[in-house]
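Here is the structure we will look at, set down as structure tokens.
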Amino acid sequence: MIWNPSVECMDRESMRKLQSERLRKVVERVYNNCEPYRKRMEEAGVTPEDINSIDDIVKLPFTSKKDLRDYYPFGLLSAPKEEIIRIHASSGTTGKPIVVGYTKNDIANWNEAGARCLSAFGLGKQDVIQVAYGYGLFTGGLGAHGACETIGAITIPISAGNTEKQMLMMHDLQATALACTPSYALYLAESLEKSGLKDKMNLKVGIFGAEPWTEQMRKEIETKLGIKAYDIYGLTEISGPGVGHECECQCGTHICEDLFFPEIIDPETGERLPDGSVGELVFTTLTKEGMPLIRFRTRDLTRLIYDKCECGRTSVRMEKIMGRSDDMLIIRGVNVFPSQVEAVLCEVEEFEPHFFITVDRVNNTDTFDIKVEVKEQYYTDEISGMVKLQKKLAARLQSVIGLQPNIILAEPRSMERSQGKAKRALDKRKLQ
Ligand code: DLL
């Protein structure tokens, strides 16, 4: 079902018109109500009068995560505090968290975006949705929750963790959909298998996001849980889950582009790249009141697709996120994304996709270790068998990544499972 056909199937010219109108309004809003934005625009020599169409967006300066930290907690609000009804925050890896304020209308628009996602996954009033994203400052729990209530489904607000209870509720309430990170979905799948409950479940749909995951991982989860697994995308700064979603065709993530305008830029130069190029995703919020952001640099790497989708939606799609530019490891001059390792592990029969990469520098040379879990039926105490496995995986990774890692084999079920966003790598060179 298409939740809001009037915008999701709008012809491109009308969409551009709507985006242009909304851009003009949001630029006026930040210019008149947010001192840092006004200053930034003055420095760039641009005023709201210079913004007439969506194409003029390139005249506007970027906003970065650093700006959100520098103006922490409320310096980037464009609405009076009395109009803010909720905050969310994301901790990031260093320093202060970033805080985002939402007005009542912002929450309503976010719920609308979330409802579009869930109905694109075929969900509706008849469904029972278990929300196993964390509730609280993280946008996952409350974001998915608002979307479920908006479509009229029964919502189970269980939050993240407590796997035993997750399985109990999922079984007793016969949940039809599960919302959590893909890495936690994999953990739940293993736990269901182990408990013997797997075949007594009624799960049909997975609502998975908040971290990069590959097509190979999708297949792995779909097989293990016997469901259809959909991708949902979002980020705290822009509004949380619901910025984009797949549809039944699963050929890209539709962006709710009447609410969030996407661009792709060269991460080095900041230049807008031609349609179809891979680069850094940038978003401008078109309707937000509390904390609208202009040209926010996400650091996520992807490509935009403008062709009409077979599902009937005309909205622009993005390819699966390869990873964040911050997650890219440069090892002996080669770019490595944890998602490449995940894809290989899903394809090599003897391993589980549970892994951890450690990079260090010893005697001026980069070291590259991957600890990875062996499947129960392939694990043996016999050294030659294990060495064979190590060699097989190292050779496969070498052919995909172009680098030979040192493989450390872990016993079945010995590696830590993630209940939220999985941590995949440690770059010790950054600690030196
Ligand atoms: O992760 C919001 C969210 C919650 C999205 C639940 C989907 C489901 P943050 O914690 O601010 O917000 O992290 C945002 O996570 O910039 C991406 O790098 C990554 N990310 C989010 N969704 C996806 C996805 C939430 N579907 C950051 N695929 C983003 C790949 C994703 N990466």
Side-chain angles (χ1 to χ4, degrees), residues 1 117-133 140 144 147-148 151 153-156 158-233 241 245-251 253 311 320 339 342-343 345-354 373 375-378 412-413 415 417-420 422:
M1 186 190 124
C117 301
L118 300 190
S119 53
F121 304 159
L123 298 168
K125 277 180 187 318
Q126 69 285 357
D127 285 289
V128 180
I129 307 179
Q130 182 146 330
V131 181
Y133 285 116
C148 294
I151 63 164
I154 295 181
T155 315
I156 312 177
I158 190 163
S159 194
N162 200 344
T163 304
E164 289 300 317
K165 195 162 180 188
Q166 297 276 355
M167 294 195 291
L168 179 91
M169 296 300 265
M170 201 183 288
H171 172 261
D172 292 357
L173 303 179
Q174 287 290 284
T176 55
L178 168 69
C180 64
T181 57
S183 49
Y184 189 50
L186 195 65
Y187 177 28
L188 268 171
E190 283 176 355
S191 307
L192 284 170
E193 182 77 57
K194 208 167 137 206
S195 68
L197 280 172
K198 192 185 148 203
D199 296 331
K200 300 189 180 107
M201 297 290 165
N202 193 27
L203 269 191
K204 294 179 176 66
V205 167
I207 305 160
F208 302 143
E211 62 186 7
W213 56 308
T214 56
E215 279 304 326
Q216 290 82 352
M217 178 68 125
R218 188 206 305 270
K219 275 193 216 118
E220 182 100 14
I221 297 174
E222 287 187 337
T223 311
K224 286 191 166 156
L225 278 176
I227 60 171
K228 197 150 160 107
Y230 289 99
D231 202 352
I232 184 166
Y233 171 83
H245 60 84
E246 285 182 323
C247 62
E248 69 265 26
C249 305
Q250 293 191 315
C251 53
T253 297
C311 71
K320 249 181 172 326
S339 56
E342 179 187 286
L345 286 175
C346 290
E347 280 173 351
V348 181
E349 167 60 24
E350 294 88 342
F351 298 94
E352 296 284 2
H354 297 297
E373 202 175 280
K375 276 189 188 152
E376 194 124 40
Q377 62 271 39
Y378 295 102
R413 295 182 194 280
M415 292 189 66
R417 303 304 195 243
S418 127
Q419 303 195 335

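In this text the structure is predicted, and so the values were computed from the model without any measurement. Throughout, residue positions are numbered sequentially from 1 according to the sequence presented.
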**Report entry** Exam field: side chain Gln250 to backbone Ala229, donor-acceptor pair closer than 3.5 Å
**Finding:** yes

Query raised in the report: About how many Å separate CG of Asp231 and CZ of Phe121, when rounded to the nearest 0.5 Å?
Result: 7.5 Å

Query raised in the report: Counting heavy atoms not belonging to Glu376, are there more than 12 under 6.0 Å from its CD?
Result: no

Requested in this report: Before giving the answer on side-chain hydrogen bond (donor to acceptor under 3.5 Å, both in side chains), spell out for Tyr378 and Glu349 the whole-Å C-alpha distance, their side-chain angles and the decisive distance to 0.1 Å.
Outcome: CA-CA 9 Å; Tyr378 295 102; Glu349 167 60 24; 3.0 Å; yes

Query raised in the report: Could you give the distance from NZ (Lys224) to NZ (Lys198), rounded to the nearest 0.5 Å?
Result: 9.5 Å

Query raised in the report: Okay, side chain of Lys320, backbone of Trp213: is any donor-acceptor separation there less than 3.5 Å?
Result: yes

Query raised in the report: Can you name the nearest heavy-atom pair linking Thr181 to Gly420, along with the distance?
Result: OG1-O, 2.7 Å

**Report entry** Greater than 12 external heavy atoms within 6.0 Å of Gln126's CD
**Finding:** yes

Query raised in the report: Hey, does Tyr233 have a side-chain heavy atom less than 4.5 Å from the side chain of Pro241?
Result: no

**Report entry** Validation row: Glu350, Lys375 side chains within 4.5 angstrom (heavy atoms)
**Finding:** no

Report task. Could you tell me which non-hydrogen atom of Ala422 sits nearest to which non-hydrogen atom of Glu211, and how far apart they are? Result -> N-OE1, 2.7 Å

Query raised in the report: Quick one: CD1 on Ile158 to CD1 on Ile129, what's the gap to the nearest 0.5 Å?
Result: 14.5 Å

Query raised in the report: Can His354 and Glu190 be said to form a side-chain hydrogen bond (donor to acceptor under 3.5 Å, both in side chains), step by step?
Result: CA-CA 12 Å; His354 297 297; Glu190 283 176 355; 2.8 Å; yes

Query raised in the report: CE/Met1 to CD1/Ile151 distance, rounded to the nearest 0.5 angstrom?
Result: 8.5 Å

Query - Side chains of Tyr187 and Gln419 in contact at under 4.5 Å (non-hydrogen atoms) - result: yes

Requested in this report: Assess whether salt bridge (charged side-chain N to carboxylate O under 4.0 Å, His left out) is satisfied between Glu246 and Arg218, documenting all intermediate values.
Outcome: CA-CA 13 Å; Glu246 285 182 323; Arg218 188 206 305 270; 2.7 Å; yes

Query raised in the report: About how many Å separate OG of Ser339 and CD of Gln216, when rounded to the nearest 0.5 Å?
Result: 9.5 Å

Query raised in the report: Step by step, would you call Asn202 with Val128 a side-chain contact (heavy atoms from CB on, under 4.5 Å)?
Result: CA-CA 10 Å; Asn202 193 27; Val128 180; over 6 Å; no

**Report entry** N/O donor-acceptor pair under 3.5 Å between Asp127 side chain and Gly124 backbone
**Finding:** yes

**Report entry** Approximate separation, where rounding is to 0.5 Å, of Cys346 SG and Met217 CE
**Finding:** 5.5 Å

Query - Stepwise side-chain contact (heavy atoms from CB on, under 4.5 Å) check, Leu345 with Glu352 - result: CA-CA 6 Å; Leu345 286 175; Glu352 296 284 2; over 6 Å; no

Report summary line: Heavy atoms of Tyr133 and Gly140 approach each other most closely as CB-C, 3.5 Å

Query - Contact check, side chains of Cys117 and Ile207, non-hydrogen atoms, under 4.5 Å - result: no

Report task. Verify the neighbour count for atom NZ of Lys165: are there more than 12 heavy atoms of other residues, nucleotides or ligands below 6.0 Å? Result -> no

**Report entry** 4.5 Å side-chain heavy-atom contact, Cys148 and Leu118
**Finding:** yes

Query raised in the report: Where do Leu178 and Leu188 land on the side-chain contact (heavy atoms from CB on, under 4.5 Å) test, with the steps shown first?
Result: CA-CA 10 Å; Leu178 168 69; Leu188 268 171; 3.8 Å; yes

Requested in this report: Verify side-chain contact (heavy atoms from CB on, under 4.5 Å) between Ile227 and Phe208, making sure each step is shown before the conclusion.
Outcome: CA-CA 12 Å; Ile227 60 171; Phe208 302 143; 3.9 Å; yes

Requested in this report: Might you point out which heavy atoms bring Gln130 and Ala175 nearest each other, and give the distance in Å?
Outcome: OE1-CB, 4.0 Å

Report summary line: For Leu225 and Ala185, the nearest pair of non-hydrogen atoms, with its separation, is CD1-O, 4.1 Å

